[in-house]
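Structure first, then comments.
Letters A, B, ... mirror the listed sequences (proteins, then strands); counts begin at 1. Just so you know, these numbers use all the heavy atoms, side chains as well, and skip hydrogens, waters and symmetry mates.
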Amino acid sequence: MSELDLRTAAASAAPVRRARPSVSEIFAMAFVLFLAVATVVPGLLSSIDPNAIAARDAFQGPSPEHWFGTDESGRDVYSRVIAGTSTSLLIGVSATVIGVTLGLILGVIAGFGGRILDFSVNRTIEVLFAFPGLLLALLVIVIAGPGPVTATIAVGLSTAPGYARIIRGQLAGIRSSGYVESARVLGHGPRRILTRHILPNALAPLMVLATLGIGQAVVWASALSYLGLGAQPPSAEWGAMLSAGRTYIGTAWWLTVFPGLMIVLTTIATTILGRSLTRRTAGRR
Amino acid sequence: MTAPDTLLEVEGLSVSFGDTEVVRNLSFHVSRGECVAIVGESGSGKSVTARSLLGLAGRGSRVTSSTLSVAGRDLTAASERDWRRIRGSQIGLVLQDALVSLDPLRPIGREIGDVLRLHSPLSAENARSRVLELLASVGMPNPERAITQRSGELSGGLRQRALIASAIALDPPLLIADEPTTALDVSIQARILDLLADVKSRGTGILLISHDLAVVSAIADRVLVMKGGRIVESGNTQELLALPREEYTRRLISAVPTDKPRRVPLVPDAMPVPAPTVHSTQDAMAPVVLEARGLTKSFPSPSSPFLAVDDVSFTLRRGETLGLVGESGSGKTTVARLVLALAPADGGAVLLEGGAFSELRERDRRPLRRKVGAIYQDSLSSFDPRADVRRILTDASELAPKADRHSVGELLDAVGLSPAVAKARPLHLSGGQRQRVSIARALAARPDVIVCDEPVSALDVTIQAQVLDLLDRLQAERGLSYLFISHDLGVIRHMSDRVAVMKNGRIVETGDAARVFDHPQHPYTAQLVADAPRLVDAL
């Protein structure tokens with residue numbers, strides 16, 4: 001048995017392998033950190049009031065003084081982009097939270113509620129899936145009226161069916177898994193099996209998906225603002241800034257390029273992080 | 001050693017991945033019409049050796065040899081293009097799992113026909129007739145039909161036949177078979193070995209790779225025993241089995257359970273299994289712990305309901321092992337699920353200590369469940385992937401009566417694992433260690449009965465021997481009763497006091513293990529006994 005013990009010791013002594021983060025992951029983490037700072041203490045990144053109007057400074061290109069130039073009212077685009085971070089991210093993150101929560105409720109009802117509930121939730125999800133997500137969001141806004149809060153709810157609602165379907169699948173798979181069965185054979189009760197085995201295993205991949213979803217929610221929220229249905233001007237929000245800058249796109253490119261760049265980078269960063277989380281948790285089976 | 005009959009000649013073969021040398025200075029040869037077997041545990045380097053003979057050692061590998069020739073052709077410095085010409089035409093390969101080796105989307109006929117047409121200019125018509133010929137020669141029933149079937153539509157044994165047909169399609173002088181029967185039922189394994197012997201008798205040289213000495217001894221002329229990338233012993237099969245020089249070879253021989261009397265340890269020099277303390281075996285006075293009465297279970301199927309278990313009855317006494325043996329699809333696992341009350345029976349009942357078990361409501365049965373433990377073939381999937389060994393064991397021991405609980409340390413010690421394992425996740429343990437953890441988990445709940453469903457089928461014979469010895473010892477120490485399910489008659493015979501032979505959902509023969517196997521009454525039992533892998537003409 002000595003050989004066995006040796007092997008055992010080797011197996012447990014080996015450190016848990018953690019791949020070194022790649023360049024893109026480092027970039028993504030740095031950018032997310034930047035976004036976090038911009039959200040919590042925007043003053044640290046820009047000292048100019050994002051809403052200070054200076055008519056004679058209007059339409060200045062990027063310069064050492066105004067890094068991202070100025071807009072039609074002479075407001076500093078850089079500080080507006082920074083100020084807009086909190087709004088855009090707040091909408092994106094809250095929308096994802098709403099989507100995941102709703103998805104969780106629907107998914108759990110479908111996964112545990114018996115055949116009739118499963119059937120009805122499933123058909124509802126399928127009907128919702130038939131609409132393009134953004135169209136669904138527009139429908140909600142038509143009913144509830146435009147504004148940042150309704151935009152958040154709208155985006156959250158339109159992402160919920162996707163999460164619900166994934167959770168339902170996870171639950172179904174885990175419920176018939178070998179480890180749930182062996183917990184039953186041992187004599188554990190249903191509540192304990194649910195809280196100790198099923199939910200933790202179903203939720204872990206969901207957190208990864210939610211990270212991936214934040215980027216998409218930011219894009220959708222910006223799209224709604226761009227259409228004038230989300231955050232309203234003059235409030236600094238990336239989508240709203242894009243919309244306002246659209247008129248001058250031929251003469252003042254910086255009005256649209258910089259907010260657009262922020263949306264693109266945010267999406268890319270959250271996607272990279274989401275994917276690397278997927279990879280890292282996949283190793284745990 | 002360059003006789004004209006030498007097909008494969010290997011001299012000083014070494015394979016390394018990075019800084020680790022997995023095969024060291026290997027030399028052997030295979031002649032025409034000869035079968036040479038490489039035997040060793042997983043990780044001994046036998047599969048890598050086979051692969052490097054095909055130029056398939058894999059990414060990042062470094063293969064060096066002073067001589068490597070196949071059918072007189074020097075391959076020490078072969079390029080990828082040379083290898084491509086060699087594979088199939090000079091060396092055929094048969095792998096363990098035919099399901100992954102054959103394209104699931106293409107009919108067998110096309111799969112084999114392509115091999116033919118890739119290397120020789122055959123018309124579609126000629127290729128077809130050649131394929132039919134090949135399938136007939138590997139004993140495929142109804143080749144005309146098989147030619148249109150996809151690999152998924154064939155049973156495991158037929159799939160393996162199709163794979164062998166494609167490997168010998170170009171009539172290569174050398175065939176490499178890497179664990180060709182490991183995933184198969186014993187009776188099918190015997191047929192496949194017959195087929196390989198037949199291929200050999202036609203003059204093909206075979207290099208057979210296996211962890212099971214009993215399997216290769218049936219057809220191998222010579223055996224190379226590999227350990228840690230080296231050949232530790234080699235020789236004529238009979239001589240090697242009769243007079244093994246190396247300790248390691250002795251362990252491999254000793255691990256074969258077939259024909260080993262009950263309670264004789266399979267690991268040499270191990271502590272002898274203590275005499276049962278609670279009740280002596282086959283004590284007719286020992287109380288009945290578990291009883292199955294007329295169990296019936298059918299599953300819906302398109303035509304008529306499929307009767308998986310048909311009127312199965314048995315009793316299990318304290319301290320006794322009842323072996324349930326039969327081929328895949330005979331209903332063994334369904335019986336296990338009925339006994340564990342994981343599925344409701346259509347008819348009949350399972351009684352625990354004379355009281356109702358299967359007929360109770362789940363809520364009333366739950367407190368009793370800990371008394372009937374289970375060990376599965378695929379232990380990894382029976383563990384929560386998020387839990388480490390400590391949590392797995394503490395979760396289970398919470399169910400034991402308060403006064404009677406084991407600590408994690410005691411449990412690990414009981415199954416021969418070091419305390420350090422407590423911190424590991426099952427994913428990072430070896431197959432044998434995992435099976436020990438699942439035995440420890442079963443023990444933690446203080447059961448009376450353990451249902452063992454193919455507990456050693458996924459393990460190497462040497463690890464299998466350790467696990468079987470462990471189960472024997474625990475039974476003697478704790479008076480456990482086992483319902484032991486396996487397709488491997490050798491294992492069943494070694495482990496069981498009484499056996500029940502199952503076929504098509506029915507128990508066709510039952511009784512004292514020695515009596516049933518020495519004087520089988522039912523032709524099916526006789527067939528199983530004949531097919532069990534045993535060491536030839538030694539011992």
Side-chain angles (χ1 to χ4, degrees), chain A residues 1-19 112 114-115 170-208 277-285, chain B residues 43 267 270 337 340-342 362-363 365-376 378-389 391-392 395-400 412 416-430 432-433 436 438 441-442 444-445 447 451 463 466 470:
Chain A
M1 211 128 295
S2 62
E3 194 190 0
L4 190 82
D5 288 349
L6 276 179
R7 254 187 297 152
T8 303
S12 52
V16 181
R17 229 172 296 148
R18 216 168 274 273
F112 289 118
R115 213 178 301 172
Q170 285 282 335
L171 291 176
I174 292 169
R175 227 158 35 132
S176 60
S177 72
Y179 54 92
V180 166
E181 193 173 285
S182 60
R184 269 184 67 201
V185 166
L186 279 168
H188 286 300
R191 195 171 308 143
R192 187 190 157 96
I193 292 176
L194 180 69
T195 53
R196 204 159 162 90
H197 299 293
I198 299 180
L199 287 182
N201 278 295
L203 295 189
L206 191 66
M207 291 304 115
V208 173
L277 269 179
T278 315
R279 263 201 314 277
R280 275 154 207 264
T281 49
R284 298 212 314 249
R285 196 173 64 115
Chain B
V267 180
R337 293 181 62 80
L340 291 168
L342 283 170
E362 181 64 33
R363 185 193 298 262
R365 179 167 49 223
R366 203 168 292 131
L368 296 175
R369 275 192 178 278
R370 68 153 188 95
K371 297 186 175 184
V372 188
I375 307 171
Y376 313 87
D378 178 12
S379 51
L380 184 57
S381 73
S382 78
F383 298 128
D384 187 330
R386 301 171 60 81
D388 60 9
V389 171
R391 208 188 103 182
I392 289 166
D395 270 10
S397 46
E398 279 171 30
L399 296 161
L412 289 175
L417 289 171
S418 88
V421 173
K423 289 196 290 281
R425 280 171 202 266
L427 185 65
H428 300 125
L429 298 176
S430 71
Q433 289 173 322
R436 283 169 193 268
S438 74
R441 171 174 65 183
V451 177
I463 310 295
Q466 293 172 9
L470 172 65

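Per-residue counts of heavy-atom pairs under 4.5 Å with chain A were compared for Arg391(B), Arg363(B), Arg441(B), Lys371(B); the largest is that of Arg391(B). The choice from Arg365(B), Arg337(B), Glu362(B) that makes the most heavy-atom pairs within less than 4.5 Å of chain A is Arg337(B).
Interface residue Arg196(A): backbone and side-chain heavy atoms are both found under 4.5 Å from chain B. Neither the backbone nor the side chain of Ala387(B) has a heavy atom closer than 4.5 Å to any heavy atom of chain A. Of the atoms belonging to Ala396(B), heavy atoms from both backbone and side chain fall under 4.5 Å from chain A. Interface residue Val372(B): only backbone heavy atoms are found under 4.5 Å from chain A.
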Working for side-chain contact (heavy atoms from CB on, under 4.5 Å), residues His188(A) and Arg369(B): CA-CA 9 Å; His188(A) 286 300; Arg369(B) 275 192 178 278; over 6 Å; no

Intermediate values then yes/no, side-chain contact (heavy atoms from CB on, under 4.5 Å), Arg192(A) and Asp395(B): CA-CA 10 Å; Arg192(A) 187 190 157 96; Asp395(B) 270 10; 2.9 Å; yes

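The backbone N or O of Ser182(A) sits nowhere less than 3.5 Å from a side-chain atom of Ser382(B) that would complete a donor-acceptor pair.
Heavy atoms only, all atoms of each residue included: Leu399(B) and Gly187(A) are closest at CD2-O, 3.8 Å. When all heavy atoms are compared, the tightest approach of Tyr179(A) to Phe383(B) is CB-C, 3.4 Å.
For the pair Arg366(B)/Pro190(A), a side-chain contact is recorded, criterion being any heavy-atom separation below 4.5 Å from C-beta on.
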